[in-house]
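To start, the structure under review is shown below, and the notes come after it.
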Amino acid sequence: MNSILLIGAIVIIICMLCSQLSNKFGIPVLFFFILLGMIFGSDGLFKIPFEDFHFAENLCSVALIFIIFYGGFTTNWKQAKKVASVSIILSSLGVILTAITTGLFCYYVLHFEWLESLLIGSVLSSTDAASVFSILRSKQLNLKYKSASLLELESGSNDPWAYTLTVIILSLMSQNISIQDIFSIAFSQIVFGLIFGAVIAYISVKRFDSFQSELSGMATLIMVAIAILSYALPSYFNGNGYISAYIVGIVLGNIEIEDKKGLVHFFDGIVELFQMFLFFLLGLLAFPSQIPSLLGDALWIALFITFLARPAAVWLIMKIFHRPFQQILLVSFAGLRGATSIVFAIMVTVSSAYTKNDIFHIVFCIVLLSIAIQGTLLPYLAKYLSMIDEKDNVLKTFTDYSEETNIQFINLKMTENHPWIDMSIKDIVLPPQTRIVMIKRHNIKMIPKGDRCIEKDDELILSAFESQTDDHMTLTEMLIDESNDWLNCYLKDLELHHALIILIKRQDQTLIPTGDVQLLDQDIIVMAHSKK
């Protein structure tokens, strides 16, 4: 057990280091996770034997619940509804068209069995929401024509359709079923998924505030429970739990919730961990020694689905909505394959359906190629097609974005000899975007009218815009005592490297630091540090 925990900790640390390499070289971090899994796997350097596909399927299914729920929860519907019609058609009809055309290619060109060809097309027909979100956020792709919202909504909602197609094809391969049975499966999957999703979302919205008040501080656990319930309940009745989870996610993500940013960031961390786990697991399950024999087929499928199958489906649908040509090209290329294809490939492997070809390793190669090539080139293609909108902000498409400007209030005591004493409010020169909002005089609150004069011992309340957090600046406090070398020193004599003393707390006083201020015992200084 200890060795497993040790390996797990080492893998997570290495994955974090890979994230830094990803930012430096522009290669999606998920690519490194797959390679890391291959290094640790049976054919890799560490030779860790792991071939339990049943165990992997269960874990991956749980991970996929949160990935899809997160896709809905972070979608800003105010932005997405402007492109909802084209996104939803892309996520449904687009998936079906991509699956069928890819199946036809595998059947007629690569000479796979007919149902097996359709199965490969179904597994690969959806785009990976988590990968798309990651690239949009990390590369700050502010795209024209609401393309970010379109991609977000499409990639977040197309996984359930691919899952439904995969279930139908596996049923056809595993048992003799009629056309009526196919429609029955499709009906229960889609309709039950939609109904349960709508009902759970409605009840959750009605009861969430009371849950929060009754279970103070438990909002995160409540949301996790709702996410799991939204999948498990419809799945119990043969409905599509992923459709339900996405609907519940998008509804809850667009209502007023206390500390919504905290919830989004929690799910962001959870989904990032699940992505890391899924792609590492894919590499761990893979046998690189088996890849050369099927690399040719995987490469042809990857090229076809990237440059023909998805572009044809996207062009056919988006042309109806009269979308710009450069947007059609970008959306076509943004169809990254990822986590969902992995889960569906594992599901195929553990099913009773017989497949002549090694679908898992075929999907493995295609996902690897998609992430490495499409994920890396997408930002460059956006710039080449002049699809970058400098005036927009891609973060608006996510529910943790806020356009509200926070106001900060400052208390300023009019001590003796302060230059503002005896001056009228109208004669005081304030910094830009700053104003006096209140005067406290002998416990009386006064409106700061222009002709009102400032008196000694007045307390002025000033307002200013709150500064946005700077990732390159940190604030620290330091206690000055007998062990500190700065005791009794004057500020002008201190050597501060990439730091600035911005405040001094002395008993009940707050001092503005100037060069002639001497640091005394028990002073607390607040310092701003700039990271170089």
Do the side chains of [Y] and [X] get nearer than 4.5 Å, heavy atoms only?
X      : Y      : result
Ile301 : Cys106 : yes
Met223 : Phe73  : yes
Thr74  : Glu152 : yes
Met347 : Leu170 : yes
Asn357 : Glu116 : yes
Leu336 : Thr127 : no
Ile185 : Thr164 : no

Has the side chain of [X] got a donor or acceptor atom that lies under 3.5 Å from a matching backbone atom of [Y]?
X      : Y      : answer
Ser125 : Ser122 : yes
Lys81  : Asn76  : no
Thr306 : Leu303 : no
Arg337 : Leu124 : yes
Thr102 : Thr98  : yes
Ser87  : Ala84  : no

Once you round to the nearest 0.5 Å, how far does [atom1] of [X] lie from [atom2] of [Y]?
X      : Y      : atom1 : atom2 : answer
Ile88  : Asn158 : CD1   : CG    : 12.0 Å
Ile366 : Asp297 : CD1   : CG    : 9.5 Å
Leu285 : Ile342 : CG    : CD1   : 9.5 Å
Thr355 : Met173 : OG1   : CE    : 6.0 Å
Leu299 : Leu369 : CG    : CG    : 6.0 Å
Ile250 : Leu153 : CD1   : CG    : 5.5 Å

For [X] versus [Y], what's the shortest heavy-atom pair and its separation?
X      : Y      : result
Cys60  : Leu281 : SG-CD2, 3.6 Å
Ile243 : Gly193 : CG2-C, 3.9 Å
Leu385 : Leu330 : CD1-N, 4.0 Å
Ser230 : Ile200 : CA-CD1, 3.6 Å
Phe105 : Trp300 : CE2-O, 3.8 Å
Val123 : Ala345 : CG1-N, 4.0 Å

Exactly one of Thr340, Asn240, Leu194, Leu165 clears side-chain contact (heavy atoms from CB on, under 4.5 Å) with Pro160, and that residue is Asn240

Can you check whether Phe112 and Tyr107 have ring centres sitting under 6.0 Å from each other? no

Tell me if the centroids of the rings in Phe267 and Phe69 come within less than 6.0 Å of each other. yes

_Using the rule given for side-chain contact (heavy atoms from CB on, under 4.5 Å), can you reason through Cys365 versus Ile291, listing the C-alpha separation, both sets of side-chain angles and the distance that settles it, and then say yes or no?_
CA-CA 8 Å; Cys365 293; Ile291 291 177; 3.5 Å; yes

Without hydrogens or angle criteria, can the side chains of [X] and [Y] be said to hold a donor-acceptor pair below 3.5 Å?
X      : Y      : answer
Ser341 : Asp128 : no
Ser126 : Asp159 : yes
Gln189 : Asn238 : no
Gln327 : Ser147 : yes

Across all chains, not counting sequence neighbours, the side chain to side chain donor-acceptor pair (under 3.5 Å) partners of Asp181 are Ser178

Hits for side chain to side chain donor-acceptor pair (under 3.5 Å) against Asp358, two or more places apart or cross-chain, chain-then-number order -> His361

Sidechain N-carboxylate O distance under 4.0 Å for Arg310, Glu154:
yes

Exercise for the section: Assign the ring pair Phe307 / Phe333 to parallel, tilted or perpendicular, where the plane angle (0 to 90°) is split at 30° and 60°. Expected result: tilted

Give a yes or no on whether [X] atom [atom1] has more than 12 heavy-atom contacts from other residues, nucleotides or ligands under 6.0 Å away.
X      : atom1 : value
Phe287 : CZ    : yes
Trp114 : CH2   : yes
Tyr236 : OH    : no
Gln326 : CD    : yes

| Intermediate values then yes/no, ring pair (Phe, Tyr, Trp, His ring centres under 6.0 Å), Tyr70 and Phe274 | CA-CA 11 Å; Tyr70 168 82; Phe274 278 143; over 10 Å; no

Phe279 vs Ile371, test: side-chain contact (heavy atoms from CB on, under 4.5 Å). Steps then yes/no. CA-CA 11 Å; Phe279 284 89; Ile371 293 173; 3.0 Å; yes

- Can you check side-chain contact (heavy atoms from CB on, under 4.5 Å) on Tyr231 and Ile68, steps first, answer last? CA-CA 10 Å; Tyr231 170 83; Ile68 291 177; over 6 Å; no

Residues 140-196 vs ring pair (Phe, Tyr, Trp, His ring centres under 6.0 Å), sequence neighbours excluded, gives Tyr163-Tyr242, Tyr163-Phe344, Phe196-Phe237

For this session: Test side chain to side chain donor-acceptor pair (under 3.5 Å) on Ser91 and Ser157 and set out the steps.
Result: CA-CA 6 Å; Ser91 68; Ser157 60; 3.2 Å; yes

**OP:** Begin from the C-alpha positions of Leu151 and Leu143 and carry the test side-chain contact (heavy atoms from CB on, under 4.5 Å) through to its verdict.
**Re:** CA-CA 10 Å; Leu151 288 171; Leu143 302 176; 4.2 Å; yes

